[in-house]
Amino acid sequence: MAKFIGSHLKTDNWGEDFFVKKLMEYFDDSYVICRNRPVFGAQFDVCLLAPNIGIIIFEVKAWKRDTILRVENGDRIVIKSFNEETQKEEESFENPTDQARGYVYKMRQKVRTKTGKNPLIYEMVCFPNLTKREYDDAGIEPACESEITIVKEDLASKADFYAKMNLAMKNRKRQRAHSSDFDEDLMFRTCQIFEPNFKC
């Protein structure tokens, strides 16, 4: 079971809770998970420290199919949202890939500042409530490429999940060749950024 950094394994965010549970189930204790940690003013959803690979930052959206209204210009996912002030339903837009990439950039800065190293750090998006058919039907592919997007079926088994993770990593092969090795020492030093007393 993967190790978890933090005090809040469960929160009121079902999507993140479910995804963290799957990560813990599918990876052994050489992997480390952290969630909702600040990185230069931003706060990522979930992050996986993978030994000898690098750091994967996940943007998790527990949207259901009827939450997604449309995709505009190939980069804006328009969703139903609820305005607490007006108590009315309205439209808002997001791009989970862009959000995750923003966290990746900040994480690179943070790790480089603290360790002087540049390990492989990349983004993935997770829609635990969306099936592949719903993902296709909503037309999300232009905003969230399938190679880096986890849908419901990808979480159904360890084999399915590993297949998607391996695909995402394969697409980063060139980037990995120019990155610092995420060896035991660098992983330990990265863990220390988020939890000084944590033992990797």
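Just so you know, these numbers use all the heavy atoms, side chains as well, and skip hydrogens, waters and symmetry mates.
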Please give me the minimum heavy-atom distance between [X] and [Y], naming the atom from each residue.
| X | Y | result |
| --- | --- | --- |
| Met124 | Ala100 | O-CB, 4.2 Å |
| Met107 | Cys47 | CE-SG, 4.0 Å |
| Met165 | Ile56 | CE-CD1, 4.3 Å |
| Phe40 | Lys110 | CE1-N, 3.3 Å |
| Asn13 | Arg35 | O-NH2, 4.2 Å |
| Ala2 | Leu23 | CB-O, 3.9 Å |

Check ion pair Lys132-Glu153 (N to O, under 4.0 angstrom) =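 Looking at Lys132 and Glu153, the cut-off is not met.
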
ask   = Is the closest basic N to carboxylate O distance between Asp160 and Lys164 below 4.0 Å?
value =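 Lys164 and Asp160: not salt-bridged.
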
Considering residues, nucleotides and ligands other than [X], do more than 12 of their heavy atoms fall under 6.0 Å from its [atom1]?
| X | atom1 | answer |
| --- | --- | --- |
| Phe194 | CZ | yes |
| Tyr26 | OH | yes |
| Arg70 | CZ | yes |
| Asp12 | CG | no |

Give, for atom [atom1] of [X] and atom [atom2] of [Y], the distance between the pair rounded to the nearest 0.5 Å.
| X | Y | atom1 | atom2 | value |
| --- | --- | --- | --- | --- |
| Asp154 | Ser146 | CG | OG | 9.5 Å |
| Glu195 | Phe4 | CD | CZ | 11.0 Å |
| Asp66 | Ile79 | CG | CD1 | 11.5 Å |
| Met169 | Ile53 | CE | CD1 | 4.5 Å |
| Leu120 | Lys173 | CG | NZ | 13.5 Å |
| Glu123 | Phe44 | CD | CZ | 14.5 Å |

query = Tell me, which pairs form a ring-ring contact (aromatic ring centres under 6.0 Å, His included) where one or both residues lie in residues 118-158, sequence neighbours left out?
reply = Trp63-Phe127

Do the non-hydrogen side-chain atoms of [X] and [Y] ever get within less than 4.5 Å of each other?
| X | Y | value |
| --- | --- | --- |
| Ile33 | Phe27 | no |
| Tyr31 | Pro51 | yes |
| Ile77 | Pro96 | yes |
| Arg65 | Asp137 | yes |

message = Using the salt bridge (charged side-chain N to carboxylate O under 4.0 Å, His left out) criterion, which residues pair with Glu25? Sequence neighbours excluded.
response =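 Counting only residues at least two positions away or on another chain, Glu25 forms a salt bridge (charged side-chain N to carboxylate O under 4.0 Å, His left out) with Lys22.
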
request  = Decide if the gap between the ring center of Phe58 and the ring center of Phe19 is smaller than 6.0 angstrom.
outcome  =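 Under 6.0 Å, so yes.
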
message = With side-chain contact (heavy atoms from CB on, under 4.5 Å) as the criterion, how do Asp181 and Lys117 come out once you've worked through the C-alpha distance, each side chain's angles and the decisive distance to 0.1 Å?
response = CA-CA 9 Å; Asp181 290 336; Lys117 301 286 186 177; over 6 Å; no

ask   = Would you say the side-chain atoms of Asn83 and Glu90 include a donor-acceptor pair closer than 3.5 Å?
value =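 Glu90 and Asn83 do have a side-chain donor-acceptor pair below 3.5 Å.
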
message = Can you confirm whether the side chains of Gln99 and Lys61 place a donor and an acceptor under 3.5 Å from each other?
response = yes

